[in-house]
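Have a look at the structure below, then the notes.
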Amino acid sequence: MTREQQLQYLEAMGVQVWTARHAGSEAAIEGEPVTPDPPVAAASVAEIPAPVAPVPDVLDEADSAGLDWPALEARVSECTLCELHNSRTRTVFGVGNRSADWLVIGEAPGHDEDQQGEPFVGRAGQLLNAMLRAAGLQREQVFIANILKCRPPNNRDPKPDEVACCEPYLLRQIELIRPRLILAVGRIAAQNLLNTQTPIGKLRGEVHQFRDTGIPLIATYHPAYLLRSPTEKRKSWQDLQLALRTLREQGT
Ligand code: URA
């Protein structure tokens with residue numbers, strides 16, 4: 001990732017960019033905002049290596065049904081396993097490239113997602129898109145899903161029984177996609193995927209493994225949190241760099 005790309009990323013995320021006072025200085029310092037450059041193409045996707053080894057097939061037992069994509073999508077759309085089906089407008093199955101290297105997993109649909117049936121379409125989604133773009137990824141290149149397929153009323157935290165009911169759907173999606181990396185955005189996603197109560201601040205910044213699959217999992221802050229706490233955006237940027245590095249080291 002070049003310095004120019006980093007600046008684009010920070011700008012896209014709304015991180016204020018500061019540069020050296022003296023033109024030509026290599027060492028950018030914090031202190032003076034710069035006029036943003038006109039938008040340019042995102043970092044080359046070619047930076048992300050092509051998949052090499054297939055992911056071990058250890059998720060099979062997690063979903064004995066072995067549904068294919070259309071059957072899985074239909075099953076989710078009709079799901080009444082937990083109480084959330086009573087209040088949802090639409091299920092939010094997930095969207096994107098079904099052969100993606102990157103699987104982004106959030107918490108649960110919010111109001112906009114419940115209305116539109118697509119994850120991360122609200123303000124947090126715009127920021128997620130900007131984060132992905134800066135990492136060289138178009139939204140369409142990755143697959144985006146949530147821990148829950150239905151919106152919890154008033155955006156409350158998912159209940160354990162809701163997570164348990166929904167988990168086989170997500171596991172089957174992971175099995176079908178066979179991503180090379182999982183990016184867990186937010187505390188709820190990270191803690192549920194890693195089966196831990198450890199705070200997100202401690203989970204981020206390192207490479208975990210998704211259960212016994214061998215798929216690297218990197219946790220980062222939820223974009224909705226970043227909208228409220230913009231100073232934390234730099235840490236998310238570090239997490240994305242870690243993800244890119246992990247893929248590079250893993251695959252080439
Ligand atoms: N927040 C999430 O975690 N997921 C969405 O789909 C939207 C907002």
Side-chain angles (χ1 to χ4, degrees), residues 12-14 72-73 76-77 79 82 84-85 87-98 100 102-133 135 137-160 162-167 169-174 177 179 181-197 199-201 203-204 208 210 217-230 232-233 235-236 239-240 243:
M13 284 185 69
L72 183 62
E73 196 159 7
V76 167
S77 72
C79 183
C82 80
L84 295 181
H85 77 277
S87 51
R88 75 179 176 223
T89 308
R90 300 177 61 172
T91 55
V92 179
F93 180 68
V95 72
N97 178 356
R98 292 177 174 187
W102 289 58
L103 171 59
V104 179
I105 303 180
E107 176 178 333
H111 172 267
D112 294 334
E113 292 78 20
D114 174 69
Q115 294 291 313
Q116 297 183 39
E118 181 170 330
F120 283 102
V121 291
R123 277 187 73 222
Q126 300 309 308
L127 180 52
L128 176 65
N129 293 346
M131 292 164 69
L132 292 172
R133 263 198 311 277
L137 295 159
Q138 297 302 314
R139 178 180 168 94
E140 299 72 29
Q141 274 178 269
V142 307
F143 195 90
I144 306 176
N146 281 310
I147 294 291
L148 294 188
K149 308 288 188 221
C150 295
R151 182 191 183 204
N154 304 314
N155 299 338
R156 65 157 168 74
D157 283 357
K159 294 180 183 173
E162 294 160 356
V163 173
C165 287
C166 237
E167 184 172 78
Y169 300 138
L170 184 60
L171 291 178
R172 183 63 185 153
Q173 287 177 310
I174 295 171
I177 298 166
L181 182 124
I182 294 175
L183 184 69
V185 294
R187 173 180 67 87
I188 297 286
Q191 290 182 342
N192 279 290
L193 293 169
L194 294 171
N195 285 326
T196 181
Q197 291 299 309
I200 181 70
L203 293 174
R204 61 153 298 274
H208 304 268
F210 177 58
L217 184 152
I218 291 173
T220 194
Y221 292 118
H222 195 286
Y225 169 74
L226 295 176
L227 288 170
R228 295 192 302 274
S229 306
E232 301 288 57
K233 289 177 180 176
K235 292 182 188 162
S236 275
D239 297 332
L240 285 176

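Remember, it's 1-based here, ligands and their atoms both numbered in the order they're listed.
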Any non-hydrogen side-chain atom of [X] less than 4.5 Å from a side-chain atom of [Y]?
{"X": "I188", "Y": "P158", "result": "yes"}
{"X": "D114", "Y": "V92", "result": "no"}
{"X": "H85", "Y": "T91", "result": "no"}

Would you say the side chains of N155 and R151 form a donor-acceptor pair under 3.5 Å?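 Yes, side-chain donor-acceptor contact under 3.5 Å.
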Could you tell me if S236 and T220 have a donor-acceptor pair between their side chains, going purely by distance under 3.5 Å?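 T220 vs S236: donor-acceptor pair found between side chains.
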P119 N/O to ligand 1 N/O under 3.5 Å: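 Between P119 and ligand 1 (N or O atoms, distance only) the closest approach is not under 3.5 Å.
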For the 3.5 Å polar cut-off, considering only N or O atoms, please tell me whether E107 and ligand 1 meet it.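 For ligand 1, there is an N or O atom that lies under 3.5 Å from one belonging to E107.
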Nearest protein heavy atom to atom 4 (N) of ligand 1, by residue and atom, and its distance?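 Going by distance alone, atom 4 (N) of ligand 1 is nearest to N146 OD1, 2.8 Å.
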Does H222 come within less than 4.0 angstrom of ligand 1, counting non-hydrogen atoms of the residue?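 The answer is yes, since H222 has a heavy atom less than 4.0 Å from ligand 1.
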From atom 5 (C) of ligand 1, work out which of A108, G106, P158, G94 has a heavy atom at the shortest distance.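 Result: the heavy atom closest to atom 5 (C) of ligand 1 is in A108.
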